[in-house]
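Worth saying up front: this structure is predicted, and the values here are computed from it rather than measured. Note on naming: letters A, B, ... go to the chains in the order of the sequence lines (proteins, then strands), and numbering restarts at 1 for each one.
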2 protein chains.
Amino acid sequence: MGNETTRREELLIVAARLFSRKGYHATSMQDIADELNILRGSLYHYIESKEGLLYELMELGIQTLMERVRPIVESDLPPDEKLARLIRQHTITIASYPDFMAVFLHELKSLSPPRRERILAYRQEYDHLVRRILAEGVERGVFRPVDVRVVSFALLGMVNWVYQWYSPDGPLSAEEIGTVFANLVLQGLLDRDDT
Amino acid sequence: MGNETTRREELLIVAARLFSRKGYHATSMQDIADELNILRGSLYHYIESKEGLLYELMELGIQTLMERVRPIVESDLPPDEKLARLIRQHTITIASYPDFMAVFLHELKSLSPPRRERILAYRQEYDHLVRRILAEGVERGVFRPVDVRVVSFALLGMVNWVYQWYSPDGPLSAEEIGTVFANLVLQGLLDRDDT
DNA sequence: CCACCAATCAAACGATTGTTTGGTGCGGTG
DNA sequence: CACCGCACCAAACAATCGTTTGATTGGTGG
């Protein structure tokens with residue numbers, strides 16, 4: 001019990017770190033093997049190919065994100081509360097798994113078309129979750145009428161960008177940052193009734 | 001007159017396109033040379049090294065952005081108007097030079113430390129411009145009191161992300177997108193006086 | 001017509017790349 | 001004790017990488 005990381009998980013973690021720091025193509029199998037103190041050929045005992053490894057990391061990233069956000073979208077909360085929670089949760093998830101998330105957000109173009117399509121499908125599914133909340137809010141008159149597509153991109157840009165600058169040593173926790181974001185967006189979206 | 005692109009500029013444009021589509025490390029000198037119909041060795045008549053080429057592209061990107069935004073920051077407009085114009089201009093610039101901007105935003109880690117430092121200095125200078133507007137707005141009571149650092153990152157994430165999804169064939173022009181962004185952020189920041 | 005210069009070619013360089021193959025040691029199980 | 005399979009090694013592979021060198025072209029100004 002306790003330290004339950006298999007050798008394979010170790011490999012994934014090391015690879016995610018290297019891919020996120022140096023980039024996929026700038027990281028060699030040699031680099032990964034060095035960190036694990038084995039020869040680079042030995043990596044193929046655990047993985048099918050370098051690109052297969054990349055795909056697995058990206059899938060892990062997007063799946064983690066989706067697992068944590070979907071319950072919020074499917075809850076019975078009002079749209080504004082849903083949106084606030086989504087923004088906070090997305091921010092926290094990125095800050096919790098920065099390496100996996102950076103790889104997921106950064107290396108789409110490094111995948112061959114078939115695998116890229118699969119990740120893109122995940123991504124579109126996620127986009128859809130966000131847009132559903134926005135559309136719901138606009139429909140119910142909770143949010144001002146806005147271009148849902150553009151606002152969803154604005155929102156995703158804001159939260160995804162976090163991987164570029166967040167540091168656990170910074171002055172604010174991930175949750176606090178998420179709250180600032182949520183306040184900003186909600187204040188920007190809420191329909192103030194000056195009746 | 002008219003078609004005044006030198007061979008060297010052609011090289012830069014081709015390289016920016018390839019770097020932005022495939023990534024720096026996934027693009028070989030061969031790829032670039034092929035597009036220009038010359039041998040890869042011949043490229044060194046124009047450039048010092050592959051990394052030098054990358055640096056030049058990134059410098060072009062950030063300089064273009066700064067040239068267009070600085071006049072706004074240094075103008076005499078009120079903070080809210082400054083911010084709106086900055087957001088619009090940033091959005092338009094990214095949409096106008098998507099290849100250069102994508103390279104600038106994506107390939108920092110591909111530069112060796114000395115050159116990376118130089119680009120980082122530019123980037124920090126730009127961040128400073130944005131924060132100055134925000135701080136000014138908060139000071140004058142035009143904006144609500146907010147965490148300037150976090151809000152500046154939120155804002156930059158929103159506009160920088162544009163390179164990931166913008167298409168000139170989309171339903172909205174870059175200026176219209178910039179206006180949606182500006183409205184969202186301003187509405188989120190303005191101090192409503194319920195006196 | 002000669003001299004020059006920019007643009008390009010032709011060919012080679014050592015290094016590194018991802019991947020494959022066949023083998024080896026070892027801990028546990030029947 | 002025999003065996004199995006996991007984890008890894010050792011060695012090689014063809015290919016590609018960025019870069020350098022020296023020669024060669026074609027056009028332009030003197």
- Can you tell if the side chain of A/K109 reaches within under 4.5 Å of the side chain of A/H25, non-hydrogen atoms only?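 Side-chain contact under 4.5 Å: no.
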
Got a sec, which residues hit side-chain contact (heavy atoms from CB on, under 4.5 Å) with [X], two or more places apart in sequence or on another chain?
X: A/S167; value: A/D169
X: B/L39; value: B/S42
X: A/R7; value: A/E10, A/L36, A/I38, A/Y46
X: A/R140; value: A/P79, A/E136, A/V142

Rounded to whole Å, please give me the gap between [atom1] in [X] and [atom2] in [N].
X: B/Y44; N: D/dG22; atom1: OH; atom2: P; result: 18 Å
X: A/L43; N: D/dA10; atom1: CG; atom2: C1'; result: 15 Å
X: A/L54; N: C/dG18; atom1: CG; atom2: C1'; result: 14 Å
X: A/E48; N: C/dT20; atom1: CD; atom2: C1'; result: 14 Å
X: B/M29; N: C/dA11; atom1: CE; atom2: P; result: 20 Å
X: A/H25; N: C/dT17; atom1: NE2; atom2: P; result: 13 Å
X: B/K50; N: D/dT20; atom1: NZ; atom2: C1'; result: 17 Å
X: A/Y24; N: C/dT17; atom1: OH; atom2: P; result: 13 Å

With 3.5 Å as the limit, what N/O pairs link the protein to nucleotides 23-25 of chain C?
none

- Task: Would you indicate, yes or no, if D/dC17 has its OP1 or OP2 atom less than 4.0 angstrom from a side-chain nitrogen or oxygen of B/S28?
- Result: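 Answer is yes, contact under 4.0 Å.
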
Check for a donor-acceptor pair, side chain of [X] on one end and backbone N or O of [Y] on the other, with a separation under 3.5 Å.
X: B/R144; Y: B/G188; answer: yes
X: B/K82; Y: B/G137; answer: no
X: B/E81; Y: B/P78; answer: no

- Message: If the helix axis at each end comes from five base pairs, how far does the helix from C/dT19-D/dA12 to C/dG30-D/dC1 deviate from straight, to 10°?
- Response: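 Terminal axis comparison yields 10°.
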
Can you give each donor-acceptor pair under 3.5 Å made by side-chain atoms of residues 52-66 of chain B, sequence neighbours left out, with the distance rounded to 0.1 Å?
unit_1 : atom_1 : unit_2 : atom_2 : d
B/Y55  : OH     : B/E59  : OE2    : 3.2
B/E56  : OE1    : B/R8   : NH2    : 3.1
B/E56  : OE2    : B/R8   : NH1    : 2.8
B/E56  : OE2    : B/R8   : NH2    : 3.3
B/E59  : OE2    : B/Y122 : OH     : 2.9
B/Q63  : NE2    : B/Y122 : OH     : 2.9
B/T64  : OG1    : B/L60  : O      : 2.6

Under 3.5 Å, which protein N or O atoms sit close to an N or O of nucleotides 6-9 of chain D? Give each pair with its distance.
unit_1 : atom_1 : unit_2 : atom_2 : d
D/dA7  : N7     : A/H45  : NE2    : 3.2
D/dC8  : OP1    : A/R7   : NE     : 3.0
D/dC8  : OP2    : A/Y46  : OH     : 2.2
D/dC9  : OP2    : A/L39  : N      : 2.7
D/dC9  : OP2    : A/S42  : OG     : 3.2

- Item | Close residues, residues 12-23 of chain A, relative to DNA chain D [heavy-atom separation under 4.0 Å] |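 None, since no heavy atom is under 4.0 Å.
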
- Task: With sequence neighbours excluded, tell me which residues meet ring pair (Phe, Tyr, Trp, His ring centres under 6.0 Å) with A/F19.
- Result: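 Per chain and number, A/F19 pairs via ring pair (Phe, Tyr, Trp, His ring centres under 6.0 Å) with A/Y24.
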
- Message: So, taking the atom named OG1 in B/T91 and the one named CD1 in B/I177, what distance separates them when rounded to the nearest 0.5 Å?
- Response: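 Rounded to the nearest 0.5 Å, the OG1-CD1 separation comes out at 7.5 Å.
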
- Same cluster (ILVMFWY, side-chain, under 4.5 Å), B/W161 and B/I92: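 Each belongs to a different hydrophobic cluster.
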
- Task: Using the salt bridge (charged side-chain N to carboxylate O under 4.0 Å, His left out) rule, collect all pairs that involve residues 25-40 of chain B, keeping only residues at least two apart or in two chains.
- Result: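 Checked against salt bridge (charged side-chain N to carboxylate O under 4.0 Å, His left out) - neighbours excluded - the pairs reaching residues 25-40 of chain B are B/R17-B/E35, B/K22-B/D31.
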
- Output all residues satisfying salt bridge (charged side-chain N to carboxylate O under 4.0 Å, His left out) with A/E139, sequence neighbours left out; order by chain, then residue number.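 None.
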
